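Residue numbers start from 1 in every chain, and the chains themselves are labelled A, B, ... in the order their sequence lines are given, proteins ahead of strands. The structure presented is a predicted model; accordingly, all values stated were derived computationally and were not measured.
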Amino acid sequence: MSIASLDLDLDVFTGPFDLLLTLVLREEIDLFELQLADVVLAYLDHLESSGQLDLESATEFIVLIAALLELKSRLLLSGEDEELLDIEPDEAAEELLARMLDARRYRAAATHLRELFDAEDGVRFRSAPLPAHLRRTTAEPTDGSQDPAVLGESIGRLLHMPPAISLRHILVPRVSVAERLTHLRGLLHRGGFTFDEAVTGADRMTVAVTVFALLELYRRGEARWDQAENFGDISVHAISEPLRIAG
Amino acid sequence: MTDTAELAHTIEALLFLSTDPLSPRELGDATEAGEEEVAAALAQLAEEYAPGRRGLRLRELAGGYTFATDPASEDAARRLFSRPRAFTLTPAQAETLAIVAYLQPISRPEITRIRGVSADSAATTLLERGLIEESGRSQFGAVLYRTGTLFLKLFGLRSLDDLPDVAQWDPTPEEQAELRDRLLRAGEARAGGGPGGVEG
Amino acid sequence: MTDTAELAHTIEALLFLSTDPLSPRELGDATEAGEEEVAAALAQLAEEYAPGRRGLRLRELAGGYTFATDPASEDAARRLFSRPRAFTLTPAQAETLAIVAYLQPISRPEITRIRGVSADSAATTLLERGLIEESGRSQFGAVLYRTGTLFLKLFGLRSLDDLPDVAQWDPTPEEQAELRDRLLRAGEARAGGGPGGVEG
């Protein structure tokens with residue numbers, strides 16, 4: 001089966017995968033609203049029900065979903081930290097395109113190699129030691145035939161420090177989960193709160209860390225939340241008296 | 001017996017003894033015969049061992065000549081040696097091998113970048129089987145890989161030049177243009193659109 | 001083609017592949033042919049490979065059949081196989097040998113740490129060729145390696161003191177740290193890069 005016809009039944013979209021891609025690229029569906037994890041889950045469901053893994057379409061799917069993830073993550077990062085996005089959109093698209101073409105090119109080349117390999121099926125080569133009377137005469141390499149400079153060069157290459165990896169594209173966390181836990185516990189202590197209240201005026205990174213903190217509270221059984229509708233307010237309530245542990 | 005026939009016999013014996021394919025030059029050095037004589041003897045052998053005439057075939061592989069069995073004997077060989085062909089090739093290994101074959105010398109991180117997923121386990125297996133080998137280091141110190149003689153031998157190639165141009169598998173210019181167009185439109189949307197919520 | 005000719009082809013391929021003589025019984029089992037058919041095919045092969053007719057002969061040995069080269073080709077075989085083998089170190093072997101030469105005695109895990117990739121196959125080849133040898137065990141029980149006499153002979157060195165001074169290939173000679181420390185640090189930096197990291 002081609003990935004294009006994978007049927008999806010998502011919150012914001014119902015239909016085949018290729019239509020979804022088209023709608024996303026035409027901006028008729030907001031990538032923000034699209035839960036990519038659900039697309040992956042739908043694909044996994046499809047794999048499970050079909051009972052077989054078609055590597056061709058699996059690769060296609062991974063490349064496409066990776067492209068969507070990349071677009072989405074760039075969307076999420078855009079805005080206030082302009083200097084982080086030193087790649088122009090068309091550059092990014094070209095890079096993405098080049099990568100998709102490369103992957104496709106070498107997948108096809110791999111198919112060709114497998115055909116060559118299969119065509120040689122049943123061809124065997126002889127591999128036997130030389131008969132004893134011929135083996136005796138095998139000459140040792142001559143003295144002084146090797147250049148010691150080869151050794152010095154090898155060591156010199158190994159002394160070479162690789163360039164430091166640039167971490168410029170990774171945000172330096174300015175907030176910690178522990179900090180946000182303390183903050184949320186403070187709000188819980190005063191009764192319930194909505195998620196928007198918890199992150200009023202916060203930057204994107206703080207919002208993200210606050211989500212983690214909230215998940216941590218849930219995991220520890222300190223809080224639960226409700227959301228009446230998609231993108232509506234998320235209201236958070238204490239399950240029991242919050243534990244007073246400094247994060 | 002003519003000289004050519006005699007030389008062909010000697011070459012036949014040498015090819016039988018050698019594990020690796022032998023180049024006309026090596027054969028000439030060993031038999032102390034000239035280039036043209038070797039070529040004539042090889043031509044005679046090629047005729048005698050043409051497909052279907054014997055249980056063996058003369059093959060030109062990996063820059064030299066070697067004998068290989070006719071696939072017709074494979075069933076019997078499998079019964080006798082009670083093991084199938086040396087190995088099979090998984091899709092991941094085939095892909096990694098294709099990338100190394102076409103882009104050699106190439107480092108693992110580069111292979112990974114092209115495949116989009118790690119090539120470590122496939123590369124390790126290919127190394128162990130001798131299909132790829134180390135070939136120095138990149139300027140950043142990463143180990144580079146290339147294919148070796150065994151690769152050419154097992155895939156029936158005389159040299160890397162026998163591999164078809166990889167560009168033949170590129171999508172048509174129209175397909176590329178369409179893909180580029182789609183990606184660019186998404187890019188413009190990104191540049192123009194304001195930041196949304198985090199609910200995505 | 002007659003059945004006998006076909007069977008003779010298959011038997012020819014089996015004898016070619018097998019290192020040991022094959023008995024008519026083994027040949028019959030592998031080809032699923034009867035005793036008489038095998039005998040007929042062997043008789044045909046014996047005729048085709050009669051002395052003087054090819055570069056190989058069919059010989060009956062130790063209750064079985066095997067191919068052997070015609071003695072007439074022995075001089076050529078000697079020239080081919082006794083040529084000083086093109087003794088070239090692969091990049092992996094050169095690196096491993098250099099590390100052992102400069103830092104001996106040294107263990108395999110340390111060599112691997114410096115190279116950033118496994119040195120096992122290279123070390124094994126160097127051991128087999130006698131270029132390096134075992135030299136006791138480290139305090140952690142790992143086998144240690146050092147270079148041997150053959151190494152000095154092949155590289156034309158009077159002693160290890162004659163090893164070339166690294167200074168001319170040293171990218172950062174101002175660093176005073178010991179060679180071993182610096183090699184280990186560089187190796188770990190390379191290994192730590194991970195896929196796409198260092199090269200990306």
Candidate list C/L183, C/L103, C/I114, test side chain to side chain contact (heavy atoms under 4.5 Å, CB included), partner A/I155, passing option: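 Only one option passes, and that is C/L183.
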Assess whether atom [atom1] of [X] is packed by more than 12 heavy atoms of other residues, nucleotides or ligands within 6.0 Å.
| X | atom1 | result |
| --- | --- | --- |
| C/E48 | CD | yes |
| C/R59 | CZ | no |
| C/E35 | CD | no |
| A/H160 | NE2 | no |
| C/R25 | CZ | no |

When rounded to the nearest 0.5 angstrom, what distance separates [atom1] in [X] from [atom2] in [Y]?
| X | Y | atom1 | atom2 | value |
| --- | --- | --- | --- | --- |
| C/Q93 | A/S154 | CD | OG | 11.0 Å |
| A/R126 | C/F67 | CZ | CZ | 9.5 Å |
| C/D170 | A/R157 | CG | CZ | 13.5 Å |
| A/L158 | C/Y102 | CG | OH | 11.5 Å |

Would you give me the side-chain donor-acceptor pairs under 3.5 Å for residues 153-164 of chain C, sequence neighbours excluded?
from   : atom 1 : to     : atom 2 : distance (Å)
C/R158 : NE     : C/D162 : OD2    : 3.1
C/R158 : NH2    : C/D162 : OD2    : 3.3
C/S159 : OG     : C/D161 : N      : 3.1
C/D162 : OD2    : C/R158 : N      : 3.2

Heavy-atom pair count under 4.5 Å with chain A, highest-scoring of C/L17, C/T19, C/T172: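 Heavy-atom pairs under 4.5 Å are most numerous for C/L17.
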side-chain contact (heavy atoms from CB on, under 4.5 Å) assessment of A/M161 paired with C/R182: CA-CA 9 Å; A/M161 267 288 178; C/R182 291 184 45 206; over 6 Å; no
Contact class of [X] relative to chain A, heavy atoms under 4.5 angstrom:
| X | answer |
| --- | --- |
| C/T69 | neither |
| C/F151 | side chain |
| C/F16 | both |
| C/E74 | both |

side-chain contact (heavy atoms from CB on, under 4.5 Å) evaluation trace for C/L179 with A/L159: CA-CA 8 Å; C/L179 190 59; A/L159 278 169; 3.8 Å; yes
